Amino acid sequence: MLLKDKVVLVTGASGGIGKAAAIGAARHGADVAINYHSDEAGAADAVAQIEALGRRAIAVKGDVAQVETAQAFVDAAVAAFGKVDVFVNNAGICPFHAFLDMPPEVMERTMKVNLFGAYYMVQAAANQMVKQGHGGSIIAVSSISALVGGGMQTHYTPTKAGVHSLMQSTAIALGKHGIRCNSVLPGTIETAINKEDLADVAKREYMSGRIPLGRLGEPDDLAGPIVFLASDLANYVTGAALLVDGGAFVNLQ
Ligand SMILES: NC(=O)C1=CN([C@@H]2O[C@H](COP(=O)(O)OP(=O)(O)OC[C@H]3O[C@@H](n4cnc5c(N)ncnc54)[C@H](OP(=O)(O)O)[C@@H]3O)[C@@H](O)[C@H]2O)C=CC1
Ligand SMILES: C[C@H](O)[C@@H]1OC(=O)[C@H](O)[C@@H]1O
């Protein structure tokens, strides 16, 4: 039990990586507040799975692109569980699109959800942790795409580099409060975000062929690294970025 009686908040936890992280935290003894945007059934299932593990859970609906969502989420978690120990910024979108004719509304929405949303959420969680006075752990779900490009992701990869950079800067800003800030950099993980993209058999084979461990990732592959960074095992880890990509990044030839 690495997170016994800790309170963990996860954004975008109605499915995919966020849901796996939320359930993984509960498996390690945490009570969990999840944020979600539209998937009511997915959020209810996440809550049910956490409660089945004997832990408490709440689901709070909200669009992270709206500034007020951040404080409302933190306030709801504090009202339910009394504190915030760990904050996982995970909510994100990746509407694949070519560069030259990128619609401004797609670019701006992606920035607002992935980067602005992360900023306001992390700020609200950090203020709560500072008020509590006993430190905390903040983890951003960035991406291998913070380090490498994607021709159909020109609006997306800068947001992932952005949240990675945000964790480096907040690690400095919050270190004196005992708040650690780190990011995880997943490779290609099969979730709803890339279902359509990976339905292209040639693309799927190309992506999995690049992975030394021989398979695409599953959401649960992120749960362990996130729980580790959240836990006291990582007490002296801050400003770090952990690739969780089956080795894809280092596979040049
Ligand atoms: N899958 C992958 O290969 C990789 C994913 N990532 C990152 O992981 C994170 C999670 O993605 P993944 O699990 O794959 O994708 P999913 O599409 O499976 O899950 C995305 C989650 O984010 C939520 N979400 C989307 N928009 C908003 C919003 N405006 N406000 C609040 N919640 C929102 C969704 O909620 P709802 O469904 O309720 O709308 C859902 O819970 C993203 O940040 C993504 O960039 C990073 C690297 C690789
Ligand atoms: C959604 C993509 O499949 C996924 O998102 C990322 O951040 C990864 O780099 C993959 O491109």
Side-chain angles (χ1 to χ4, degrees), residues 9-24 33-47 59-70 72-73 88-97 108-118 120-121 139-164 166-167 183-200 203-204 206-208 210-211 215-223 225-226 241-246 248-249:
L9 277 62
V10 187
T11 66
S14 53
I17 293 168
K19 187 173 183 178
I23 293 165
I34 68 164
N35 148 271
Y36 69 104
H37 183 224
S38 55
D39 182 359
E40 308 280 351
D45 183 60
V47 167
V60 186
K61 187 171 182 161
D63 178 355
V64 298
Q66 306 290 325
V67 182
E68 59 275 14
T69 300
F73 182 40
V88 182
N89 192 88
N90 167 77
I93 56 172
C94 182
F96 286 76
H97 202 288
E108 285 170 23
R109 177 70 182 161
T110 305
M111 293 281 175
K112 280 185 183 153
V113 172
N114 295 8
L115 185 53
F116 291 21
Y120 295 127
M121 276 286 179
I139 298 139
V141 180
S142 171
S143 171
I144 187 176
S145 299
L147 310 177
V148 291
M152 299 289 279
Q153 296 174 306
T154 59
H155 52 325
Y156 171 79
T157 60
T159 69
K160 296 284 108 177
V163 295
H164 167 55
L166 177 63
M167 288 301 97
S183 56
V184 289
L185 278 53
T188 301
I189 313 297
E190 287 199 81
T191 69
I193 208 172
N194 51 25
K195 198 169 192 297
E196 211 177 300
D197 188 51
L198 294 174
D200 176 341
K203 171 88 183 268
R204 186 190 179 82
Y206 168 73
M207 295 305 287
S208 52
R210 294 197 46 186
I211 300 171
R215 64 170 177 84
L216 297 173
E218 299 163 7
D220 218 32
D221 290 323
L222 268 301
I226 289 171
L242 178 54
L243 273 165
V244 187
D245 66 346
F249 179 72

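Here the structure is a predicted model, which is why all the values come from computation and not from measurement. For ligands, and for the atoms within them, numbers begin at 1 and follow the listed sequence.
For the pair Lys112 (side chain) and Val64 (backbone), a donor-acceptor distance under 3.5 Å is absent. Thr11 places a side-chain N or O within donor-acceptor distance of the main-chain N or O of Ala91, the cut-off being under 3.5 Å. Remark: side-chain polar atoms of Asp63 are not paired, donor with acceptor, to backbone N or O of His37 under 3.5 angstrom. Between the side chain of His155 and the backbone N or O of Pro95, at least one donor-acceptor pair lies under 3.5 Å. Remark: side-chain polar atoms of Asn90 are paired, donor with acceptor, to backbone N or O of Gly12 under 3.5 angstrom. Side-chain atoms of Asn194 come within 3.5 Å of backbone N or O of Ile189 as a donor-acceptor pair.
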Pick out the protein N or O atoms lying less than 3.5 Å from any N or O of ligand 2, and list each pair with its distance.
from     : atom 1 : to     : atom 2 : distance (Å)
ligand 2 : 3 (O)  : Asn194 : ND2    : 3.1
ligand 2 : 5 (O)  : Tyr156 : OH     : 3.2
ligand 2 : 7 (O)  : Ser143 : OG     : 2.5
ligand 2 : 7 (O)  : Ser145 : OG     : 3.4
ligand 2 : 7 (O)  : Tyr156 : OH     : 2.6
ligand 2 : 9 (O)  : Ser143 : OG     : 3.3
ligand 2 : 9 (O)  : Ser145 : OG     : 2.5
ligand 2 : 11 (O) : Gln153 : NE2    : 3.0

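The pair Asp221-Arg215 meets the salt-bridge criterion, with a side-chain N (NZ, NE, NH1 or NH2) lying under 4.0 Å from an Asp/Glu carboxylate O.
Counting heavy atoms from C-beta on, the side chains of Thr188 and Leu198 come closer than 4.5 Å.
Scanning all heavy atoms of the two residues, the minimum distance from Ser14 to Ala43 falls at CB-N, 3.6 Å.
Within 4.0 Å of ligand 1, heavy atoms belong to protein residues Gly12, Ala13, Ser14, Gly15, Gly16, Ile17, Asn35, Tyr36, His37, Ser38, Asp39, Gly62, Asp63, Val64, Asn90, Ala91, Gly92, Ile93, Arg109, Val113, Val141, Ser142, Ser143, Tyr156, Lys160, Pro186, Gly187, Thr188, Ile189, Thr191, Ala192, Ile193, Asn194.
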